[in-house]
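Step one of this worksheet: look at the structure below.
These figures come from a predicted structure and were not determined experimentally. Sequential numbering from 1 along the given sequence is applied to the chain's residues.
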Amino acid sequence: MMSLIKLIDLPDLGDDRGGLVAIESNQSVPFEVKRLYYIFNTTDRPRGFHAHIELKQLAICLKGSCRFILDDGKSKEEILLDTPLQGLYIDGVVWREMHDFSEDCVLLVLASEHFSEADYIRDYQDFLKAVQNGNRI
């Protein structure tokens with residue numbers, strides 16, 4: 001079984017002056033970045049609870065930590081993101097949930113496409129049906 005957890009080491013260009021990471025489309029990120037957003041001030045509320053049909057994402061915890069649960073309809077895996085030097089690459093039809101945000105968490109997400117509601121699967125039963133039907137909705 002192939003792991004759902006795909007971590008990408010980001011280029012650590014820091015020195016004695018502090019940390020520095022440079023992120024480039026189709027270089028350190030395995031797709032062209034068309035959108036980015038960040039999540040913060042989210043301590044008590046889990047987020048996510050959806051899958052995407054086509055979208056690729058790279059989630060980077062810039063500060064603090066949060067726990068991801070990834071689910072492909074057959075198995076679930078979880079990982080704690082807690083370093084700005086790695087990104088969690090999410091590709092394919094994968095249900096994702098984010099939990100246990102630390103008080104100082106800042107989660108940056110790089111996306112391969114502009115926002116499109118049509119790319120979301122927001123109902124878990126619809127997600128399971130899509131996976132069983134070869135990712136067709």
Side-chain angles (χ1 to χ4, degrees):
M1 179 182 81
M2 198 158 140
S3 177
L4 297 172
I5 307 295
K6 300 173 196 150
L7 291 173
I8 294 177
D9 291 325
L10 300 171
D12 182 0
L13 307 173
D15 58 23
D16 59 354
R17 298 169 293 174
L20 173 65
V21 172
I23 299 172
E24 297 179 299
S25 291
N26 297 314
Q27 302 284 327
S28 47
V29 178
F31 53 82
E32 181 182 348
V33 177
K34 293 190 178 173
R35 183 169 71 108
L36 57 88
Y37 59 92
Y38 50 94
I39 298 168
F40 61 101
N41 292 342
T42 314
T43 50
D44 294 337
R45 304 218 173 127
R47 297 196 57 126
F49 297 92
H50 63 267
H52 289 283
I53 302 164
E54 299 290 335
L55 189 73
K56 297 172 177 59
Q57 293 180 310
L58 186 69
I60 306 163
C61 197
L62 298 180
K63 187 169 176 67
S65 64
C66 72
R67 182 173 54 91
F68 266 78
I69 299 173
L70 301 181
D71 177 350
D72 66 1
K74 298 180 197 88
S75 64
K76 292 183 183 185
E77 293 184 53
E78 61 180 77
I79 185 168
L80 184 71
L81 290 187
D82 62 357
T83 175
L85 299 176
Q86 283 187 322
L88 176 62
Y89 179 48
I90 307 172
D91 182 17
V93 181
V94 175
W95 188 262
R96 78 271 333 255
E97 299 176 11
M98 292 95 79
H99 297 268
D100 303 330
F101 290 88
S102 66
E103 195 170 309
D104 61 344
C105 182
V106 178
L107 181 69
L108 174 67
V109 181
L110 290 70
S112 65
E113 303 299 329
H114 298 288
F115 176 81
S116 169
E117 184 62 37
D119 190 63
Y120 280 77
I121 304 172
R122 295 189 183 274
D123 180 84
Y124 189 73
Q125 294 307 314
D126 290 344
F127 161 73
L128 291 176
K129 286 178 199 162
V131 171
Q132 290 170 354
N133 293 329
N135 299 337
R136 290 185 311 279
I137 300 189

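Closest approach of Thr42 to Arg47, counting heavy atoms only: CG2-CD, 3.4 Å. Nearest approach of Val93 to Ile53, heavy atoms of both residues: CG2-O, 3.8 Å. Nearest heavy-atom pair, Ile121 versus Ala130, reported as atom, atom and distance to 0.1 Å: CD1-CB, 4.0 Å. Between Gly64 and Asp104, the closest heavy-atom pair is CA-OD1, 3.3 Å. The two atoms that bring Cys105 and Cys66 nearest to each other are SG-CB, 4.1 Å, heavy atoms only. The heavy-atom pair separating Leu55 from Glu113 by the smallest distance is CD1-N, 3.4 Å.
Leu81 has its side chain out of reach of Ile60: every pair of non-hydrogen atoms, C-beta onward, lies at least 4.5 Å apart. Residues Ile39 and Met98 meet the side-chain proximity criterion, which asks for heavy atoms closer than 4.5 Å. Proximity of Ile23 to Ser28: side-chain heavy atoms (C-beta onward) are separated by under 4.5 Å at one or more points. Between Leu7 and Thr83, every side-chain heavy-atom pair lies at or beyond the 4.5 Å cut-off. Looking at heavy atoms from C-beta onward, Glu77 lies in side-chain contact with Ser3 at the 4.5 angstrom threshold. You'll find the side chain of Val131 stays beyond 4.5 Å of the side chain of Trp95, heavy atoms only. In this structure, the side chains of Phe31 and Val33 come closer than 4.5 Å at one or more pairs of heavy atoms. Residues Ile8 and Val29 have side chains not in contact (no heavy-atom distance under 4.5 Å, counting atoms from C-beta outward).
Of the possible donor and acceptor atoms, one in the side chain of Arg96 sits under 3.5 Å from a partner among the backbone N and O of Val94. With hydrogens and angles ignored, the 3.5 Å screen pairs no side-chain donor or acceptor of Asp91 with any backbone N or O of Lys56. With Asp71 contributing its side chain and Lys76 its backbone, the two residues share no donor-acceptor pair below 3.5 Å.
How far CG of Leu85 is from CG of Leu13: 10.0 Å, rounded to the nearest 0.5 Å. To the nearest 0.5 Å, atoms CD (Gln86) and NZ (Lys6) are separated by 15.0 Å. A distance of 12.5 Å separates CD1 of Ile79 from CD1 of Ile69, quoted to the nearest 0.5 Å. Atom OG of residue Ser112 and atom CD of residue Glu32 lie 9.5 Å apart, to the nearest 0.5 angstrom. Here CG of Asp12 is found 9.5 Å from CG of Asp15. Values are rounded to the nearest 0.5 Å. A distance of 14.5 Å separates NE2 in His50 from CG in Asp126, rounded to the nearest 0.5 Å.
For the pairing with Phe68, the side-chain contact (heavy atoms from CB on, under 4.5 Å) check across Asp100, Ile90, Leu4 returns one residue only, Ile90.
When hydrophobic clusters are built by joining Ile, Leu, Val, Met, Phe, Trp and Tyr residues whose side-chain heavy atoms come closer than 4.5 Å, directly or via intermediates, Tyr89 is not grouped with Ile5. Clustering ILVMFWY residues whenever any of their side-chain heavy atoms sit less than 4.5 angstrom apart, transitively, puts Leu110 in the very cluster that holds Val21.
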Apply side chain to side chain contact (heavy atoms under 4.5 Å, CB included) to Gln57 and His52, showing your working.
-> CA-CA 10 Å; Gln57 293 180 310; His52 289 283; 4.0 Å; yes
Show the numbers, then the answer: is there a ring-ring contact (aromatic ring centres under 6.0 Å, His included) between Phe49 and Phe127?
-> CA-CA 10 Å; Phe49 297 92; Phe127 161 73; over 10 Å; no
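Other residues, nucleotides and ligands place more than 12 heavy atoms under 6.0 Å from the CZ atom of Arg122. Enclosure of atom CZ in Arg35 by more than 12 non-hydrogen atoms of other residues, nucleotides or ligands within 6.0 angstrom is indicated.
Using a 30° and 60° split on the angle between ring planes, Phe115 and Tyr120 fall in the tilted class, from 30° to 60°.
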